[in-house]
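Read through the structure below, which is laid out as structure tokens, and then see the notes.
As the structure is a prediction and not an experimental result, all values here were calculated from the model. Lettering of chains follows the sequences in order, A, B, ..., and the numbering in each one begins at 1.
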Amino acid sequence: MKNFSNLNEVNDKILKIKQLLTELETQAEQFPALSRNSKRALASIKMLELNLTDIVAFDLNDS
Amino acid sequence: MSGQEYWNPVLETMPLERLKVLQFKKFKRILNWAYTRSKFHKALYDAAGLTPDDIRTFDDIKKIPKVEKSMMRGIQNKDPFPYGDALCVPLEEVSAFRQTSGTTGQPVYQPDTWQDWEWWSECWSFVLWAQGYRPKDRVFIPFGYNIFVAFWAGHYAAEKLGCEVVPGGVLDTQSRILKIQELNATAMMATPTYVLRMADVAKNKMGIDPATLSINKITCAGEPGAGIPSTKKRMEDAWGAKVFDHSGATEIGAWSYECNKQPCGMHVNEAMFLVEIEDLNTGEIIEEPGRKGKMIITALDRTAQPCIRFDSKDVIEWDSQPCSCGRSFRLIRGGVIGRADDITKVKGVLLSPGSIEEVVRSIDGLGDEFEVIVDKQGDIDRIKLKVELMPEVTKLSIETTLKDQLRLKTNLGYQIEYYDYGSLPRYEVKAKRFKDLRKKDIEKECRL
């Protein structure tokens with residue numbers, strides 16, 4: 001990522017990935033390899049949220 | 001803003017006022033999480049007449065009751081087995097078990113979900129990045145991978161950074177040194193006690209000067225040694241490497257770290273943790289730098305068994321100076337200075353075991369190991385200090401310096417016993433060098 005200036009745009013991407021993975025996890029209950037890996041990926045997405053989404057959601061970005 | 005310097009260039013340089021807003025909002029989030037999911041937390045806050053809605057300002061946070069380690073032990077007798085009712089997730093969500101070492105009593109079990117493990121390694125990623133770990137590093141971890149959290153998260157964080165990790169699990173000390181040599185490992189993580197022990201074994205049993213090995217940075221945890229200047233110097237001289245302090249705990253997480261500027265202190269990760277310092281006597285929250293108190297800490301994002309206003313007993317103080325690294329995360333001066341339950345009165349004088357370590361390790365003619373025993377002779381407190389003389393060093397050559405320095409740094413006189421090099425007990429993980437036998441006498445009296 002070259003530019004941090006628009007955290008909102010970055011955050012939108014994080015939330016889209018989260019939404020897709022959440023859907024995948026719930027739709028794939030009969031397919032453990034998909035649901036469990038999606039769940040695990042969501043834990044990583046949570047780290048993106050802690051690193052960036054919270055800044056946007058709590059309106060702490062000065063850019 | 002440079003992505004090369006900081007793991008998170010936004011959070012780590014965020015002005016303190018905004019960090020406090022972040023902390024407050026995250027505090028409310030974790031408080032609400034715990035209140036609605038854990039019987040333990042709900043009962044605790046209900047008993048204090050508080051709900052999360054009552055926390056409206058940052059100052060309100062101190063109204064929330066503290067959690068003591070002894071309370072966590074009590075919780076474990078309840079369902080669900082084996083964690084008890086502080087658990088905030090279904091048992092099937094728990095993916096990792098760890099427990100405290102039991103240094104201060106019965107061990108406390110710690111459940112974590114996979115997300116919590118991601119969080120653990122995220123917190124450690126702040127630590128390692130600040131200390132200069134990069135993908136080119138080959139990291140050797142001489143740690144007995146087991147039920148203790150120790151360097152597990154450091155391992156995962158190093159992997160996350162892109163480093164190559166060599167788990168030095170069940171190898172003995174000599175095999176570990178040979179493996180470092182064989183693989184040209186560039187970094188290592190261990191307790192200060194074990195860093196010195198490895199150097200001693202390499203030099204005196206294997207004829208290998210550890211400074212000639214390829215290790216260029218070492219991250220310490222588990223004990224305060226890397227924050228004690230003389231101990232840090234011994235480690236750095238022995239290994240020819242930069243030694244960094246870091247502090248974390250099983251129930252808390254990896255909450256602070258020394259950056260590569262080595263500012264004689266540690267940054268508190270104020271994006272992930274809320275640290276409050278409480279006056280040891282009055283209980284008031286200390287905001288200003290330079291006043292020691294005990295740490296009350298909240299892990300703002302830990303979910304399975306939340307850590308909210310945990311009374312850590314660690315003694316710390318805010319530093320008045322910012323760090324030249326540019327991080328806005330505040331520094332605690334000298335790292336963790338000691339533990340509130342280790343700081344004891346001897347002959348009416350407050351004594352911290354760390355100050356004795358600082359003196360012993362600053363004298364070249366003394367070995368790394370020492371032992372302090374406090375007891376009573378009649379009604380009078382007595383401190384015995386056992387030290388090792390390095391080969392070819394005489395007691396006469398150092399005794400005056402040792403006594404003077406001890407008097408200067410601790411205001412106390414000692415009965416000093418000198419031992420040959422290698423005679424005192426060696427430790428591989430956490431050392432037990434301070435024994436207060438007066439406490440045992442009191443306990444005995446209570447039992448009778």
Which residue out of B:Lys160, B:Lys26, B:Met14 racks up the most heavy-atom pairs below 4.5 Å with chain A?
B:Lys26
Residues B:Arg29, A:Asp54; criterion salt bridge (charged side-chain N to carboxylate O under 4.0 Å, His left out); working and verdict
CA-CA 11 Å; B:Arg29 183 168 68 189; A:Asp54 281 348; 2.9 Å; yes
Determine whether more than 12 heavy atoms belonging to other residues, nucleotides or ligands lie under 6.0 Å from atom CZ of B:Phe24.
yes
Between the CE atom in A:Met47 and the OG atom in B:Ser125, the distance rounded to the nearest 0.5 Å is 10.0 Å
For residues A:Leu50 and B:Trp119, determine if any side-chain heavy atom of one lies less than 4.5 Å from a side-chain heavy atom of the other.
yes
What's the shortest heavy-atom distance between B:Arg18 and A:Leu60, and which atoms?
NH1-O, 2.9 Å
Interface moiety of B:Glu122 toward chain A, non-hydrogen atoms closer than 4.5 Å
side chain
Tell me, side chain or backbone of B:Glu93 under 4.5 Å from chain A's heavy atoms, or both, or neither?
side chain
Take B:Val10 and A:Leu52 through the test side chain to side chain contact (heavy atoms under 4.5 Å, CB included) and record every step on the way to the result.
CA-CA 8 Å; B:Val10 181; A:Leu52 200 136; 5.9 Å; no
May I ask you to list the residues in residues 31-45 of chain A that approach chain B closer than 4.5 angstrom, counting heavy atoms only, ordered by number?
A:Lys39, A:Arg40, A:Ala43, A:Ser44
Counting only heavy atoms not in A:Lys18, do more than 12 sit closer than 6.0 Å to its NZ atom?
no
Look at atom NZ of B:Lys20 and say whether more than 12 heavy atoms of other residues, nucleotides or ligands are closer to it than 6.0 Å.
yes
Members of residues 52-64 of chain B whose heavy atoms come closer than 4.5 Å to chain A:
none
